[in-house]
Protein chains: 2
Amino acid sequence: MINQSVTNESAANESIEPQNQVTTAVDQVFVELRRAIVEGDVAQGSKISEPELAKRYGVSRATLRDALNRLEACNLVERKANVGCRVVALTPERLIEVYQVRASLEGLACRLAAENMTDEEIANIKALLNKHLNEQRVKEGESYYQEAGDLDFHYRIIKGSKNEHLFNLLIHDLYQLIRMYRVQMGMTGPRVSKAFDEHLAIINAIENRDGELAEMLMKRHIGYSMNNIENKFNAAQ
Amino acid sequence: MINQSVTNESAANESIEPQNQVTTAVDQVFVELRRAIVEGDVAQGSKISEPELAKRYGVSRATLRDALNRLEACNLVERKANVGCRVVALTPERLIEVYQVRASLEGLACRLAAENMTDEEIANIKALLNKHLNEQRVKEGESYYQEAGDLDFHYRIIKGSKNEHLFNLLIHDLYQLIRMYRVQMGMTGPRVSKAFDEHLAIINAIENRDGELAEMLMKRHIGYSMNNIENKFNAAQ
DNA sequence: GGTGCCAAGATTGTCGACAATTTGAGAAAG
DNA sequence: CTTTCTCAAATTGTCGACAATCTTGGCACC
């Protein structure tokens with residue numbers, strides 16, 4: 001029972017950084033380029049020049065090419081044969097598409113979590129929420145909770161589904177794109193307290209082993225989140 | 001209005017062969033290797049030797065490596081840094097995981113299809129089912145319907161959702177793995193007529209624009225299909 | 001003046017060779 | 001006889017160069 005407290009620590013790092021250990025050069029370029037795209041350092045829709053980026057990151061073109069392949073698998077860049085590679089464009093239509101898929105999959109994750117999570121895992125999430133609640137009261141207005149805390153909550157639910165395929169699909173392939181929308185839309189909004197209540201309702205449903213309710217609550221929660229981003233989109237025009 | 005009949009032709013080829021046009025060498029190797037894996041020409045769980053396969057397909061190792069990357073994105077091979085590449089192992093646990101995801105996503109597709117499909121598209125699917133019904137009566141017992149017909153039906157529903165992200169996720173990433181299970185488990189069973197009735201009920205719900213019912217029916221339909229494969233698995237031991 | 005074709009430049013696709021890492025067998029020590 | 005260390009063979013990761021394809025600017029022709 002050494003290091004018991006480790007289960008209470010943040011898991012968001014792993015969710016933001018899926019690679020368990022970044023060893024190879026392709027990994028490094030992939031992770032760094034992904035960060036740059038998600039955080040907007042390289043503009044959405046812009047074309048990517050292989051020789052230029054290879055030079056900037058100090059690797060061969062073949063290596064960078066490999067990294068681009070992985071980014072394509074994450075839906076962060078789009079490729080055409082003999083033409084090139086562009087960063088994806090963030091359109092409202094695509095936002096809706098992605099969030100429809102996300103709501104469906106995380107709804108499933110929630111239902112499975114209600115069946116498969118251990119009592120200890122559930123207790124840890126509740127403790128996490130209480131911790132976030134306190135921190136939120138202290139630093140009201142700052143975006144701490146929204147970013148790390150929200151990621152952490154969803155990450156644990158998805159992991160709690162005990163469905164590895166679902167986990168990979170959401171964490172590796174979908175979440176970077178979702179993060180890209182949130183970051184570039186400046187999602188530091190006042191949805192904090194409301195989202196907190198929704199999280200609480202979800203974990204309560206899971207604790208009661210009510211998978212059906214948990215699924216529905218999660219779908220709604222994600223739907224609200226989508227509307228929030230969509231409004232920002234429309235306001236930005 | 002030329003070539004109107006083209007909408008009634010089979011769309012399964014496209015679903016089996018997602019690449020619109022296979023031009024580059026990497027594409028060719030990717031498609032051929034994928035076929036070999038799905039159809040069991042290379043055994044599940046077996047290790048893949050890069051130099052050997054590169055020589056067999058007459059391409060460079062870098063090219064084959066690129067193809068392996070894409071196979072990894074389809075979840076058909078698994079990779080570890082500095083260790084190598086193995087074909088995925090078909091376990092009952094993974095079957096359940098994949099089918100849980102599939103049921104959720106195709107349920108979503110069905111709901112969206114009920115909202116977004118045109119009357120003409122719906123009519124075309126109904127015509128398709130009738131065509132399959134006739135052919136099924138003639139060649140009873142053969143596996144035609146199960147393979148091509150079933151793929152065709154699901155393909156059109158997914159496309160009818162008008163959600164491109166969902167389409168790519170299902171057709172590119174998930175369906176090859178599903179096909180792998182079905183082919184290697186020898187899925188030519190007697191589920192034909194029952195599946196036909198289920199398909200009919202689904203398209204009727206879509207025609208009535210009852211998305212909720214269509215989603216539920218599709219989830220059940222896929223659940224039955226999973227049980228069918230799962231039984232084969234247990235019987236094979 | 002507008003349209004279509006051609007060539008030069010640039011970009012992507014492919015290759016063979018070299019460097020780094022893992023793995024397995026064999027020898028030496030316990 | 002078992003265990004551990006070492007080293008070599010094999011496999012994977014990375015690189016720079018060459019070939020094929022697309023783009024673009026200009027010129028000829030209508």
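Below, all heavy atoms of this structure are taken into account, side chains as well, without hydrogens, waters or symmetry copies. Source: prediction; values computed, not measured. Below, read A as the first sequence line, B as the second, and so on, with proteins coming before strands; counting in each chain starts at 1.
The distance between the ring centers of B:F30 and B:Y57 does not fall below 6.0 angstrom.
A parallel orientation is assigned to the rings of B:H221 and B:H154, their planes being inclined by less than 30° (bins at 30° and 60°).
Side chain of B:K232 to main chain of B:G186: a donor-acceptor pair is present (N/O by atom type, distance under 3.5 Å, no hydrogens or angles).
Scanning residues 76-87 of chain A for heavy-atom distances under 4.0 Å to DNA chain C yields A:A81, A:N82, A:V83, A:G84. Remark: B:K47, B:I48, B:E50, B:P51 in residues 45-54 of chain B come within less than 4.0 Å of DNA chain D through at least one heavy atom.
The side chain of B:A62 lies closest to C:dG16 when the candidates are C:dA17, C:dT12, C:dG16. Of the candidates D:dT14, C:dT14, C:dC15, the closest approach to any side-chain atom of A:V26 belongs to D:dT14.
Distance A:F30 CZ to D:dT14 P: 14 Å, rounded to the nearest Å. Atom-to-atom, CG of B:N69 to C1' of D:dT12 comes out at 12 Å; the value is rounded to the nearest Å. Counting to the nearest Å, the P atom of D:dT14 and the CG atom of B:D66 are 14 Å from each other. Protein atom CD of A:E72 is 13 Å distant from nucleotide atom P of C:dT12, rounded to whole Å. The nearest whole Å value for the distance from the CZ atom in A:R61 to the C1' atom in C:dT14 is 10 Å. Rounded to an integer number of Å, the gap from OH of B:Y57 to P of C:dT14 is 16 Å.
Atom SG in B:C110 sits 10.5 Å away from atom NZ in B:K219 (nearest 0.5 Å). Residue B:M218 holds its CE atom at 11.0 Å from CG of B:L108, rounded to the nearest 0.5 Å.
The pair B:E50-B:K55 does not count as a salt bridge, with every side-chain nitrogen at least 4.0 angstrom from each carboxylate oxygen. For A:K162 and A:E121, the salt-bridge test passes: some basic side-chain N is under 4.0 Å from an acidic carboxylate O. Ion pairing between a basic and an acidic side chain is recognised when a charged N comes within 4.0 Å of a carboxylate O; B:R70 and B:D173 show no such pairing.
Under the 4.5 Å side-chain criterion, counting only non-hydrogen atoms from C-beta, A:L177 is in contact with A:V88.
Between C:dT14 and B:T24, a contact under 4.0 Å exists linking OP1 or OP2 to a side-chain N or O.
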